[in-house]
Amino acid sequence: MTPAKINGTTLPALAATPAPVINMIDGVPMADSRNVAAMFSKRHDNDMRDVRGLLGFEDTPCGRHFREATYVDPQNGQAYPHFLMDRDEFALVAMGFTGARATRWKLAYIEAFNRMEAELQARPTASGMMAALQDPATVLALIAHHAQETLAARAEAVEAKAEVVVTRQALAATQAVVEEAKPKVEGYDHLMSDEGTCCLADAARIIGAPQAPFFAWLRKRDFVFDKGEDTLPNARYRKEGYFQAKLVRVHRNRYREQTRVTRTGLDWLRLRWAVGPANKIEAEARGPPAGRPGPLRPTASYR
């Protein structure tokens with residue numbers, strides 16, 4: 001069934017399978033005559049007739065919350081009336097419905113009204129909020145809470161802005177490293193195989209890294225590991241396309257596995273080497289600043 005409107009408020013559409021539907025209208029839990037008719041297997045026009053009959057009795061309390069609204073039938077586009085009713089009006093309408101099935105639906109509606117009224121009571125009222133604002137301690141607590149939230153939001157904004165600045169600087173520095181190294185890499189194309197890979201030693205030469213620190217750094221970062229006499233790539237980085245493991249012949253009848261670095265892997269390693277070990281090696285080459293003693297441990301840790 002289609003949605004209905006009352007006082008400009010659109011009510012939810014009724015489900016094809018009937019179930020008790022209670023909507024909150026201007027703070028009052030109300031049932032829909034369409035839903036009531038479907039629940040009790042009645043024709044809606046007959047249900048409307050019963051409601052209009054109740055409205056004709058002057059001595060009854062009806063009319064306080066009976067509200068007539070309209071809905072549009074999607075099949076023919078015509079508008080038809082229906083009624084919204086509160087708990088008392090529903091009780092009057094349903095009073096004439098008899099039988100075990102009708103009793104079950106009456107109980108279901110009562111439970112639905114009770115749930116909606118309990119939800120309404122749980123909501124803070126305007127008078128309760130005004131009473132709370134008369135308490136100085138409550139007002140001070142609200143002000144302090146708002147101030148804390150404002151300060152926290154400002155701190156998060158400042159931190160986010162600082163992270164953006166740092167990220168932009170890092171990206172600019174990385175791009176500069178890539179541009180500087182690009183001619184060098186292109187000059188080493190002859191070291192790449194037909195498949196576009198090179199060994200670790202050649203990768204060190206292309207990147208411009210000393211071979212011993214480069215191999216130590218690869219092992220420490222777990223990019224590669226030793227297996228007997230072979231140095232093999234970590235399976236994770238093989239899957240990501242940075243390395244390959246290839247069988248190479250070292251003797252007439254002897255083969256061994258060799259780690260091969262792909263072109264993607266070269267770019268990946270070059271960036272990580274440039275922002276890590278390369279900076280430390282360059283700083284050690286420059287030596288300590290004037291007037292400051294050098295490090296007691298000359299061995300560098302390449303991370």
Donor-acceptor under 3.5 Å (D32 side chain, R34 main chain) | yes

Go through the structure and list residues passing side chain to side chain contact (heavy atoms under 4.5 Å, CB included) with R236, not counting sequence neighbours.
-> N234, E240

Hey, what do you get for CD1 (I22) to CZ (R115), rounding to the nearest 0.5 Å?
-> 8.5 Å

Identify whether V28 and I25 are in the same connected component of the hydrophobic contact network (ILVMFWY, side-chain heavy atoms under 4.5 Å).
-> yes

In Å and rounded to the nearest 0.5 Å, what is the NZ to OG1 distance from K246 to T259?
-> 12.5 Å

About how many Å separate CZ of F97 and NZ of K42, when rounded to the nearest 0.5 Å?
-> 5.5 Å

Main-chain N/O of C198 paired to D202 side chain as donor or acceptor, under 3.5 Å = no

Which class fits the ring pair H44 and H82: parallel under 30°, tilted 30 to 60°, perpendicular over 60°?
-> tilted

Would you say the side-chain atoms of K220 pair up with the backbone N or O of F215, donor to acceptor, closer than 3.5 Å?
-> no

Ignoring hydrogens and angles, tell me if any N or O in the side chain of N35 forms a donor-acceptor pair with the backbone of V21 under 3.5 Å.
-> yes

Please state whether the rings of Y71 and Y80 are parallel, tilted or perpendicular, taking 30° and 60° as the class boundaries.
-> tilted

Non-hydrogen side-chain atoms of T197 and V261 separated by less than 4.5 Å | no

Heavy-atom closest pair, residues A31 and Y109 = CB-CE2, 4.1 Å

Does L266 reach the side chain of T262, with side-chain heavy atoms less than 4.5 Å apart?
-> no

Any donor-acceptor pair under 3.5 Å linking the side chain of T70 with the backbone of A79?
-> no

Heavy-atom side-chain contact between M48 and F83 under 4.5 Å = yes

Would you confirm whether R256, through its side chain, and E229, through its main-chain N or O, come within 3.5 Å as a donor-acceptor pair?
-> yes

Can K227 and D230 be said to form a salt bridge (Lys or Arg N to Asp or Glu O under 4.0 Å), step by step?
-> CA-CA 5 Å; K227 181 181 179 182; D230 301 329; over 6 Å; no

Once the angle between the rings of F243 and W268 is folded into 0 to 90°, is it parallel (under 30°), tilted (30 to 60°) or perpendicular (over 60°)?
-> perpendicular

Inspect the contact between E195 and R260 and indicate whether a charged nitrogen and a carboxylate oxygen are less than 4.0 angstrom apart.
-> no

Could you state the interatomic distance from CD1 (I207) to CG (L269), rounded to the nearest 0.5 Å?
-> 5.0 Å

To the nearest 0.5 Å, tell me how far L92 CG sits from D50 CG.
-> 11.5 Å

Decide yes or no for N46 and R49: does some side-chain heavy atom of the first lie under 4.5 Å from some side-chain heavy atom of the second?
-> yes

Any side-chain heavy atom of M85 sitting closer than 4.5 Å to one from S33?
-> yes

Side chains of P20 and E111: does their closest heavy-atom pair fall under 4.5 Å?
-> no

Taking all atoms of both residues into account, what is the closest heavy-atom pair of P29 and F113, and its distance?
-> O-CE2, 3.5 Å

Kindly say whether M39 contributes a backbone atom to a donor-acceptor pair with the side chain of W105 at under 3.5 angstrom?
-> yes

Co-membership, hydrophobic cluster, residues W217 and L232, 4.5 Å side-chain | no

Have T231 and D226 got a donor and an acceptor in their side chains that come within less than 3.5 Å?
-> yes

Hey, any chance L107 and V36 share a hydrophobic cluster, counting ILVMFWY side chains that come within less than 4.5 Å of each other, even indirectly?
-> no

How far apart are the C-alpha atoms of R154 and E149, what are their side-chain angles, what is the distance that settles it, and do they pass the salt bridge (Lys or Arg N to Asp or Glu O under 4.0 Å) test?
-> CA-CA 9 Å; R154 288 179 179 176; E149 289 186 340; over 6 Å; no

Donor-acceptor pair, K106 side chain versus A94 backbone, under 3.5 Å?
-> yes

Could you state the interatomic distance from CE (M116) to CG (N23), rounded to the nearest 0.5 Å?
-> 6.5 Å

Between F90 and M24, is there a shared hydrophobic cluster once you connect ILVMFWY residues whose side-chain heavy atoms come closer than 4.5 Å?
-> yes

